[in-house]
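Letters A, B, ... are given to chains in the order of the sequence lines, protein chains preceding strands, and every chain is numbered from 1.
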Amino acid sequence: MTIEDKKEAAEKPLNFIEKIVEEDLRAGKNGGRVLTRFPPEPNGYLHIGHAKSICLNFGLANRYGGQTNLRFDDTNPVTEDTEYVESIKADVRWLGFEWANEFYASDYFDTLYNLAIDLIKKGLAYVDDSTAAQIAEQKGTPTEPGTGNEYRNRSIEENLALFEGMRNGQFAEGTKVLRAKIDLAAPNMLLRDPLLYRIKFAHHHRTGNKWCVYPMYDFAHGQSDSIEKITHSICTLEFVPHRDLYDWCIEKLGIFPSKQYEFARLNMTHTVMSKRKLLQLVNEGFVSGWDDPRMPTISGLRRRGFTPESIREFCDRIGIARHENLISFSLLEFCVREHLNKKARRVMAVLDPIKVIITNYPENQTELLSTENNPEDPEAGVRQVPFSRELYIEREDFMENPPPPKKWFRLGPGLMARLKSAYIIQCHDFVKDQNGHITELHCTYVANSKSGQDESGIVVKGTLHWVSVQHAHAAEVRLYDRLFKAEDMSQAEGNFQDHINPESLQRTTAFVEPCLAEAQIGQNYQFVRKGYFCLDTDSTPQKLVFNRTVTLKDSWAKVK
RNA sequence: UGGCUGAUGGUGUAAUGGUAACACAGAAGUUUUUGGUACUUUUAUUCGAGGUUCGAGCCCUCGUCGGCCAACCA
C-alpha cells in the first residue's frame, strides 16, 4: 500500500463488501488472494448500472492487490451475439479497466456437463419429461408445496442414459430437462428441483453446433466462479434467493467454495436500466441505436461526451449498499461538469443567433483577439478569435423590455455589456420584421475598452459570448434532455414507452468560432456560457455535428 | 397470504452500544471579462411502539412500509 492509498483508505469509509474482504484477508482466507469477476451476458450493451458493478469488482481487486476476470455468461445461445461481446470489451476498457483473463461460461461446457453427470450419479439430479407448464404447476406456490411426478424417481442408470440422449440430440426441444433433486416443499422456490439443463438446437456464438443442451444460469454461474477460483462473487440483490442454490451446487459437487455477495443495483431518475427495455427502445426506433446519446448505455454516454473519469467518480459517490436506491441523473451531470471544467477547452458558439452590427466599427476590418483556452488551466494557453463589424450573439442575451439592471446584466435598449475577450458594446437600436421578430441589433463599441487593455473606466456586469458572422462556421447542435418524463420509471404506469420525453432531442443550427473546424470526434469543449459539447460521430468535414453533454449550472434560470 | 431482504436530511452514503457525519441538491453571500468555476455561511436526518442498558441509529420483540422469488432468462 502506498502512502496515498493509506490516506485514501483512512479518509473514505469502507463499503460493506470491502469490510467483508478485509475480514477475509485478516482471517487468512484464500491465502490472502482476492479474485473477482465481471460476468456480463453478451445479449446487450453495457449501461451505467454495469459501470457500478465494474467499478466495484475491478476496484476491489485494485485496492487489495487482486485481479478481476472478464467472464461472458453465454449459456443462452438464442439471445447472445459476438457484436455484444466486442462492445462489452470496448466499454470495459474505455472505462479504464483491464481484466486478468477473458473467459466464457461456454469454455466450461464440457466440465459442466461432467459435473451434471456427477450430480446424477449422486442421485441428486434427474431427467424430467414434463412440459414447461406442468413443471410450473408442479412447483406449487409460495404458500403451497410443490407436487412431485413419476420422473423424479427414475433410476440413476436411466437418468444417465437419458441425459446422454439429450446431449446427443435424440430428443426434441422442450421434451426433456435435467433437474436437481432437492426439495419440492422448500420455502425458497428456487430449491424446488430447479432446472439444470435444457435442450436447445441453437447455434452458439462460440461453440457453434457442438451442443444441443445448455446449462441454466444456476448450474453455470457458481461452477464457473468455482472453476476460476473466484474468491468474492458479487452480484445484485435479485440473486439473493439464488445463493442457497449456488452454495448447494458447490457443496454437493465438492468444488472450490466461491462465495456470493449481493448489493443493490443502480436505478436512475428519468431512465430505464433493463437490457430488455433498452433493446426495445433500439428495435422500436425510439432511439438511433444502443449508442444514442440519450441512452444510459456506456456507449451512449461516451457519444454524448461523458468521460470515463466522470463515470468512475459517479460510481464512487453513489456508494454500495443493500437497499433499493434511485439516484438523480443530475449527480452524473455534476460529475461530468466537475471533470470537464478542468479539462475542456473553452470556445464560443452561438446556438440561437441574433445579428449585431457594430455601427462605429470599420466595415472591412478584422481584428484577432486573444482569449484563454481554459481559465482553470493556464497551461492550456491562448488562441486568437476574429472580431469584425457583424457578429452573432445569443438571442436570449437581448431583451426589449429587460428587468431592472440589478437583475439583468445583458443587453437591452441603451444597455451595455462586454463581449467576451473583446469590447464593451452599447445597444442603440434594433430592427424587427413584419412578425415583430427582432432580426438585428445596432450597437456601438467602446474603442478603448479592449480586453486586457481597458482604459474606458466603464464597469459592466455582463459578459456575452459571440462569433464573427463572416468567420463563423455553421454546425448542427443536438440538445438532449431526459429520455423519459417520469422521474421514477419503476413506478410509472402503463407501457414504459408511453413515458418517453418527446423533447429529448432537439436539433438546431449554431454558429461556431473557426477553430472548431479542426475538432476531433469525441473531443470535449465548453461552449462558453452554454455547456459542454463534443463532436458527434455523425460529424463530417463538410458538416460539423455537436452533442450537448450537459448544460452549465445556470443561476440566471432560477432568477427568471 | 409463504420465504428472503431492507428502512438514517429532498437524494445517496457513513457512524467498536457513548456528541448523528460527508457529498449532491436547496438557501444566502464573497470573488469573477463565463449569471460558469472557486470560496464562505446556512436549512434539513435515525419508520412506529415497546423492551434490555447508566446510555440504543446500532441489541431484542411486535408492528408498518418497500424490494425480490412461483422464466426450459441472466
Between atom [atom1] in [X] and atom [atom2] in [N], what is the gap in whole Å?
X	N	atom1	atom2	value
A:Arg26	B:U16	CZ	P	13 Å
A:Asn325	B:G10	CG	P	17 Å
A:Asp316	B:C24	CG	C1'	14 Å
A:Asn15	B:G12	CG	P	17 Å
A:Leu332	B:U11	CG	C1'	14 Å
A:Asn267	B:G66	CG	C1'	13 Å
A:Glu333	B:U11	CD	P	19 Å
A:Glu144	B:G3	CD	P	15 Å

Determine the Euclidean distance between corresponding [atom1] atoms of [M] and [N]; express it in Å to zero decimal places.
N	M	atom1	value
B:C47	B:C54	C1'	27 Å
B:U46	B:C58	P	13 Å
B:U13	B:A70	P	26 Å
B:A27	B:U37	P	13 Å
B:G55	B:A20	C1'	15 Å
B:A38	B:U34	C1'	13 Å
B:U1	B:C68	P	15 Å
B:A25	B:G2	C1'	41 Å

Cationic tip of [X] above [Y] ring, under 6.0 Å, 45° of axis:
X	Y	answer
A:Arg167	A:Tyr113	yes
A:Arg345	A:Tyr525	no
A:Lys461	A:Phe409	yes

### Query
Do A:Lys89 and A:Leu70 touch side chain to side chain, with heavy atoms closer than 4.5 Å?
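Counting from C-beta outward, A:Lys89 and A:Leu70 do come under 4.5 Å.
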With both distances under 3.5 Å as the test, what is the Watson-Crick or G-U wobble partner of [N]?
N	answer
B:C65	B:G6
B:A14	none
B:U52	none
B:A38	B:U30
B:C58	none
B:A74	none

### Query
Would you call A:Asp128 and A:Arg154 a salt bridge, taking side-chain N to carboxylate O under 4.0 Å as the test?
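Here A:Asp128 does not pair with A:Arg154 in a salt bridge, since their nearest N and O are not under 4.0 Å apart.
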### Message
Quick test of your reading of the model: are A:Glu396 and A:Arg410 salt-bridged, counting only N-O distances below 4.0 Å?
### Response
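Salt bridge: yes.
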### Task
Any chance you could list the contact pattern along nucleotides 27-42 of chain B? Use B for base contacts, S for sugar-phosphate-only contacts and - for none, protein heavy atoms under 4.0 Å, 5' to 3'.
S-----BBBBB-----
### Task
Go along nucleotides 69-74 of chain B 5' to 3' and tag each nucleotide: B for a protein heavy atom under 4.0 Å from its base, S when only backbone or sugar atoms are that close, - otherwise.
SBSBSB
### Query
For A:Ile424, which contact category applies under a 4.0 Å heavy-atom criterion: base, sugar-phosphate, or nothing?
nothing
### Query
Between B:A25, B:U13, B:G12, which nucleotide has the shortest distance from any of its atoms to the side chain of A:Ile318?
B:G12
### Query
Does A:Lys19 make a side-chain N or O approach to OP1 or OP2 of B:U16 shorter than 4.0 Å?
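It does not, given that no N or O in the side chain of A:Lys19 lies less than 4.0 Å from OP1 or OP2 of B:U16.
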### Query
Would one find a side-chain N or O of A:Arg322 under 4.0 angstrom from OP1 or OP2 of B:U5?
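No, outside the criterion.
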#### Entry: Straight-line distance of A:Met399 CE to A:Cys427 SG, nearest 0.5 Å
13.5 Å
### Query
Any chance the side chains of A:Glu262 and A:Gln260 put a donor and an acceptor closer than 3.5 Å?
yes
### Audit row: A:Gln223, A:Tyr246, side-chain hydrogen bond (donor to acceptor under 3.5 Å, both in side chains) steps and yes/no
CA-CA 8 Å; A:Gln223 283 83 327; A:Tyr246 184 101; over 6 Å; no
### Task
May I ask you to decide if the ring planes of A:Phe239 and A:Tyr217 are parallel, tilted or perpendicular, using 30° and 60° as cut-offs?
tilted
### Task
Indicate, with yes or no, if the rings of A:Phe306 and A:His339 have centres closer together than 6.0 Å.
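Between A:Phe306 and A:His339, the centre distance exceeds or equals 6.0 Å.
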